[in-house]
Structure formats: structure tokens, C-alpha cells
Amino acid sequence: MTGLNPAVPGNHKPVTTREQPPPGEPTDIDPDRTVQIGVPKLAAIDPERTDQFEMPARQPSARAPAWLGEFRPFSVGDPGRAAGAPSYPDPKFWDRPDTVLDGVLLRAADGLPAMQLRAASVRGRSHRYESKTRQDAYAYRCDGRFIVAAVADGVSAAPLSHVAANIVSRQGCNLFANRLETAAPRELDWSEILGVLAGMVIGSGRSLLPSAPDAEEPSPFEVAKHLSTTALFAVVDMRPVDGYRPVHVFSYGDTSAWILRSGTRWEPLQPVKNGGTALASSDTKAIPIVPRQAPPAVRTRLGSEDTLLLVTDGIGDPLGDGTGPVGAFLAQMWRRPPEPLAFAAHVDFARKSHDDDRTAIAIWPTST
Amino acid sequence: VDNVGAKLLPFYVVTDVSWSMSGRKIDAANQILPRVVDALAQNPILSDKVRIGLIDFSDDAKVQLPLCDVLEPTLTIPTLAVRGSTSYAAAFRLLRTEIAANIRQLKGDGYLVHRPAVFFLSDGEPTDQDSEWRSAFADLVSDTAYPNVIPFGVEDADGNTLQALIHPSTGPKQMRMFLMNKGEDAAQAITSMAEIMISSVIQSGHSMSQGQSGIMLPDKDDLPTGVTTYTASDDDFV
């Protein structure tokens with residue numbers, strides 16, 4: 001019923017995160033693996049004869065490569081057959097990139113310490129294989145006092161959802177930044193902003209969807225069949241209170257926010273999806289179909305050793321309740337700000353059955 | 001093996017193997033699973049998530065292939081043989097215990113299991129008492145982890161009877177049934193039903209990737225010839 005699955009013949013090389021010793025170092029070498037990398041089988045090695053392990057003489061320094069570094073894709077557990085599946089472009093959206101990313105230091109005003117931000121949005125293996133564009137999006141703003149960050153997950157069943165995800169993440173960040181000019185984070189009216197965002201998506205849908213000149217304009221429900229997205233916003237106050245940055249989180253749908261406490265423990269800021277239910281479900285609430293009363297904001301605070309993480313369900317689902325192998329992997333990689341390109345590679349980790357678009361924004365306090 | 005959080009979409013193919021299924025019909029039924037396997041082998045995205053089980057029924061019901069990844073290289077697809085009368089009740093009772101046991105084990109192994117689907121194929125009327133199969137079916141669909149049930153009828157299967165097995169029969173996620181048109185060749189119709197099952201497996205797997213839950217069925221216009229689909233409220237099939 002379970003068990004490792006073989007690769008699709010011919011197009012999948014297994015990828016692992018396990019450190020592989022360089023050829024010639026006999027520590028912990030898997031005999032099968034040594035065959036793959038062209039070193040004699042361990043069984044054939046006479047331990048007394050060290051010359052068998054001698055590598056070609058080191059290149060003279062004049063001929064040594066001028067570069068450093070390497071890249072191997074990440075995977076957690078069984079990468080699944082999907083990890084070896086080809087990635088095809090979406091011929092309807094040539095200019096929408098497979099992957100976008102950022103790595104920035106956000107300066108604060110008034111001599112406050114800066115904050116580090118990493119963001120990446122990566123097309124899922126399912127969309128890559130099926131020639132579909134990425135429908136996740138992210139955005140962020142910083143005025144030196146507040147960071148506003150957003151992730152949005154366009155609902156795939158609606159074909160123009162990437163448009164909705166762009167509008168909601170970008171315009172939503174603008175709205176929050178604008179409101180913060182005159183209101184404190186705790187005074188922000190999420191119901192009001194959610195309503196404005198729903199109106200923007202409906203307006204965009206009405207201009208994009210073809211309709212007869214004398215026909216009635218499409219209803220919100222009609223628009224939602226074409227443009228639909230979840231949304232999650234975080235407002236981080238860069239001014240610490242007792243050493244902690246106050247954080248407010250506003251969400252609608254199954255995008256989720258987490259705090260990695262002291263690099264070790266994932267604390268979910270929303271109920272964990274599918275936690276405790278008999279069967280799993282992928283259904284989600286999504287803009288533009290919104291209630292008059294938005295879900296309540298979540299207030300928390302970010303310690304100097306903590307990481308704030310906003311993710312779409314492409315990461316939230318495999319992260320689960322944060323205690324499993326994906327939680328351990330991301331905690332290890334994200335307790336400190338990684339290289340921006342490495343951050344995107346972490347977001348793109350392979351794991352069987354998890355093939356959705358993935359977007360993550362991570363924010364770290366700095367001491368200076 | 002670490003399966004924590006892995007998504008799974010289970011399908012149960014439940015096939016009538018009463019005497020009336022003899023000959024070309026059982027041969028066609030025996031081609032259903034190999035064709036599903038061929039379709040999944042071509043799609044690395046879906047095959048990571050789809051699980052298939054095979055149950056047959058006559059006087060009794062048997063699990064012929066426990067729910068599994070059908071691309072496992074060591075797997076042998078069983079060949080069904082005809083054996084007796086047509087107890088729908090036996091099929092529903094076994095399905096109920098099998099689904100419950102499978103979900104319990106898969107959840108215990110860390111999987112996120114989505115609602116299962118049952119493809120129920122019959123060529124005739126149940127031979128058990130009306131009240132008996134009806135109450136066995138009511139038990140099956142009253143569980144929290146009830147399956148979506150999609151009936152497939154060929155030859156002498158009664159539209160009214162199979163219609164009672166559509167589940168859910170109403171609401172946004174209502175299922176449908178597929179009936180062979182009168183006068184068609186039954187073995188050919190079973191082959192057409194296999195195409196519909198494959199289409200449903202693939203569409204449902206896509207749908208799951210797209211952040212939607214639910215079993216997808218091919219539209220009226222996308223059916224093979226000789227087959228018609230009906231909802232639980234249609235009454236024009238007699």
C-alpha cells in the first residue's frame with residue numbers, strides 16, 4: 001500500500017538532501033551509491049592499500065577553477081515521480097515567470113534596527129507539467145516604521161486567478177500602507193479592506209471577461225469562476241516593545257502565517273488546515289466572495305531570534321502542524337536569513353504528492 | 001517510510017462477477033484496471049497521489065486488490081472470474097469495512113486522505129432483498145468518511161435501482177450514474193465505462209492539484225457513444 005516509488009524511467013534522477021562525501025572519502029559510503037559516482041565498490045577495497053583510494057593529483061593552483069559553490073535541488077523524504085517530470089511553459093502567459101524572488105534588507109527610520117526579508121514564488125510541479133502558469137503572488141512594502149507583506153494563492157480552477165493574486169497582494173499592500181499612515185495596526189479594519197479588494201477583483205474581472213454589449217455585467221459569483229484568490233497580510237512594527245516586534249496578521253482562505261520560535265519550534269498563527277478532520281479537503285475561501293465580517297486579525301510578537309513566515313498552502317500543506325520532516329527542514333534552513341537564491345531553492349523542495357505553487361515571505365529582526 | 005502529510009486520492013473499482021457477466025463482459029471488465037494503470041503510468045503528477053483498489057461481488061464480495069499504488073513494480077493485477085448471483089448488500093458491507101480500515105491505516109501512517117470514490121459496475125438487478133441492499137447502502141454512506149458513489153450500469157442493470165446508489169445525490173458535489181443505452185453491446189459498453197472511470201480519475205486528480213476537493217465526472221458531451229449519464233433526479237432513462 002505504501003513504499004518508495006520508482007522513478008519514471010529515463011527522466012528522473014533521485015535527489016536527496018543527504019550530504020554526499022566527495023569521492024575518495026570512505027566515510028559512510030553507500031556501496032550502491034559509489035557505483036553511481038564511479039568509485040570502486042567497498043567490498044573490492046583492501047583497507048591496507050590506501051593507494052586504491054588515491055585520487056588524481058590535485059590540480060596545480062594555476063589550473064584550479066576560479067569559482068566556488070555548488071547547487072543541488074532540495075527534497076524532503078521521497079521526492080515522488082513528479083520531481084522528475086518535465087517543466088513546460090504556459091503559452092498563454094509567456095511573460096509570467098516560473099519563479100520570482102527577493103532578498104532585501106529593510107531599513108528602519110529613527111535609528112531602529114533594520115529587518116531582513118526573503119521572498120519567493122515558485123510554480124508548482126503540477127502546473128509545470130501541465131503547461132499552466134504560476135498563480136501565486138507576493139508583495140511587500142516598507143516605510144521605515146511598518147513592513148506590510150502579503151502572499152496570495154490564486155485558485156487554479158479559475159483560469160485568470162494569477163491576475164486576482166497580483167491585484168490582491170499588491171493593492172492590498174498599498175491599502176494597508178495607506179491606512180497605516182493614520183491608524184495604528186490594531187485599528188486596521190480588515191473587513192473594510194477585504195471588501196475593497198473584493199471590489200477590485202470584481203472590477204478587474206468585469207473588464208477582462210468578454211461579454212455582449214447589451215448583456216448584464218457578470219455577477220461576483222460569475223467573476224469568481226475566472227478570478228479567485230486567497231490572501232494573507234502581515235503588518236510588522238519595526239519598533240520593538242520590550243525587545244519584541246508587534247505583528248498583526250490578516251487572512252482570508254488557506255494561506256497561513258507562522259512564527260519559528262528561536263529557530264526551533266513552528267507556531268501556527270491560524271488553525272492548522274485539515275487538523276483533526278476525518279478526511280482531507282482542498283476547499284478554501286477566496287476573494288471576491290467575501291463575508292461582511294472578515295475573520296479576526298491575529299496579534300503576536302516577533303522575538304529577536306524568531307522568524308516570521310507567510311506561506312501559501314503549497315508550503316503550508318507539507319508543513320502540516322510544523323512538527324514533521326518539512327518543519328525540521330525549513331527550521332534548519334530559515335532560522336537565519338539564507339542567500340536569496342537558496343531561499344527560492346528551499347521553497348522549491350521536492351516531496352511526493354506536494355505539487356502546488358509555492359510562495360513564502362520570511363522576515364527576520366536584526367540587531368543593527 | 002516518511003509519508004507525513006502526503007495527499008492521497010483513493011478509488012475503489014467494484015465489479016459485478018455474477019454468472020451473467022460471463023464471456024466477453026468479464027473479459028472487458030478485466031481490462032479496466034490495466035487501462036487505468038496505463039493512464040496513470042503516463043502521468044507522474046497524478047500517480048504520486050492516486051490509489052486504486054479492486055473489489056468484486058457475487059453471492060459474496062472479495063477484495064481482489066487492496067487499495068494500492070498500481071504502479072508498484074511488483075504488483076500483479078488479478079483476473080476476475082464469474083461465480084454466482086448478485087448481492088449488492090455483500091458489496092456494500094465489504095466496501096464499508098474496507099474503506100474504514102484503509103482510512104484508519106493511511107491516517108495512522110501520516111497520509112492526508114481525500115474522500116474516496118467508488119465506481120460500481122453491474123450488469124443486472126440485485127438478487128438480494130430490496131430492504132437488505134438498501135440498508136447496507138444506507139450504512140455505507142452514513143459514515144463520516146462516506147465515499148462518493150458513481151454507478152455504472154450495462155445490459156440488464158436497472159436504471160431506477162442504480163439511481164438510488166448515486167451519492168451524494170444532491171448538492172454542489174452531487175455525483176451521477178452512467179448507463180449503457182438500450183441495444184448496445186454490453187462488453188463494448190464496459191470498455192466505454194472504463195474510459196469514463198479513467199477520465200474521472202485524471203480529472204479528479206487535477207482538481208485536487210487545483211485546490212479543489214471533489215470527484216470530477218466527464219460531461220454529457222464528452223461521453224463515449226452508447227453511454228448516457230444521469231443525475232439522481234433525472235427520470236427520462238426508462
Side-chain angles (χ1 to χ4, degrees), chain A residues 1-8 11-12 76-86 124-130 132 135 153-158 161 230 253-254 273-274 277-284 286 313-314 317-321 323-327 351-357, chain B residues 1-10 40-51 53 65-75 99-107 109-116 143-148 172-173 205-214 216:
Chain A
M1 183 176 303
T2 63
L4 280 171
N5 289 285
V8 176
N11 69 357
H12 172 54
V76 181
D78 181 355
R81 300 180 183 105
R125 284 173 176 75
S126 166
H127 280 161
R128 284 173 175 162
Y129 184 69
E130 290 159 12
K132 298 279 170 56
Q135 295 180 305
D153 179 353
V155 176
S156 300
S161 283
T230 72
D254 62 8
K273 184 173 159 188
N274 291 320
T277 55
L279 291 173
S281 164
S282 321
D283 288 348
T284 182
D313 66 342
D317 284 359
L319 186 53
D321 66 0
T323 62
V326 173
R351 182 166 174 79
K352 186 171 180 174
S353 89
H354 294 288
D355 50 25
D356 203 356
D357 291 347
Chain B
V1 182
D2 147 37
N3 308 306
V4 177
K7 299 176 186 185
L8 225 82
L9 186 53
L40 284 174
Q42 289 170 28
N43 195 314
I45 304 291
L46 299 184
S47 64
D48 276 348
K49 292 177 280 198
V50 169
R51 293 289 183 277
L65 182 68
L67 191 68
C68 66
D69 177 347
V70 288
L71 297 191
E72 284 284 350
T74 55
L75 191 80
I99 289 174
N102 290 165
I103 289 176
R104 192 161 51 241
Q105 185 185 340
L106 290 168
K107 279 178 64 101
D109 290 344
Y111 286 99
L112 281 180
V113 186
H114 285 247
R115 188 171 300 288
D143 287 336
T144 319
Y146 68 83
N148 294 292
K173 292 182 178 175
H206 280 304
S207 162
M208 188 169 135
S209 294
Q210 295 187 346
Q212 285 187 313
S213 277
M216 311 292 288

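Note that the structure is predicted; figures quoted are calculated from it, not measured. Residue numbers start from 1 in every chain, and the chains themselves are labelled A, B, ... in the order their sequence lines are given, proteins ahead of strands. The figures that follow rest on heavy atoms only: side chains count, while hydrogens, waters and symmetry mates do not.
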- What's the shortest heavy-atom distance between B/D2 and A/G77, and which atoms?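 Heavy-atom minimum between the residues: OD2-CA, 3.9 Å.
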- Query: Among all residues two or more places apart in sequence or in another chain, which pass the salt bridge (Lys or Arg N to Asp or Glu O under 4.0 Å) test with B/D143?
  - Reply: B/R96
- Sequence-distant partners of A/R128, salt bridge (Lys or Arg N to Asp or Glu O under 4.0 Å), two or more places apart: A/D98, A/D348
- Item | Structural part of B/L112 lying under 4.5 Å from a heavy atom of chain A |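 Looking at B/L112, backbone and side chain both touch chain A.
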- Winner by heavy-atom pair count (cut-off under 4.5 Å) against chain B, out of A/G314, A/G320, A/G324, A/P325: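 Answer, by heavy-atom pair count under 4.5 Å with chain B: A/P325.
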- So which of A/D321, A/D355, A/D153, A/L319 has the biggest tally of heavy-atom pairs under 4.5 Å with chain B? A/D355
- Item | Under 3.5 Å side-chain donor-acceptor pair for A/H354 and A/D317 |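 On atom types as modelled, these side chains do not qualify, holding no pair under 3.5 Å.
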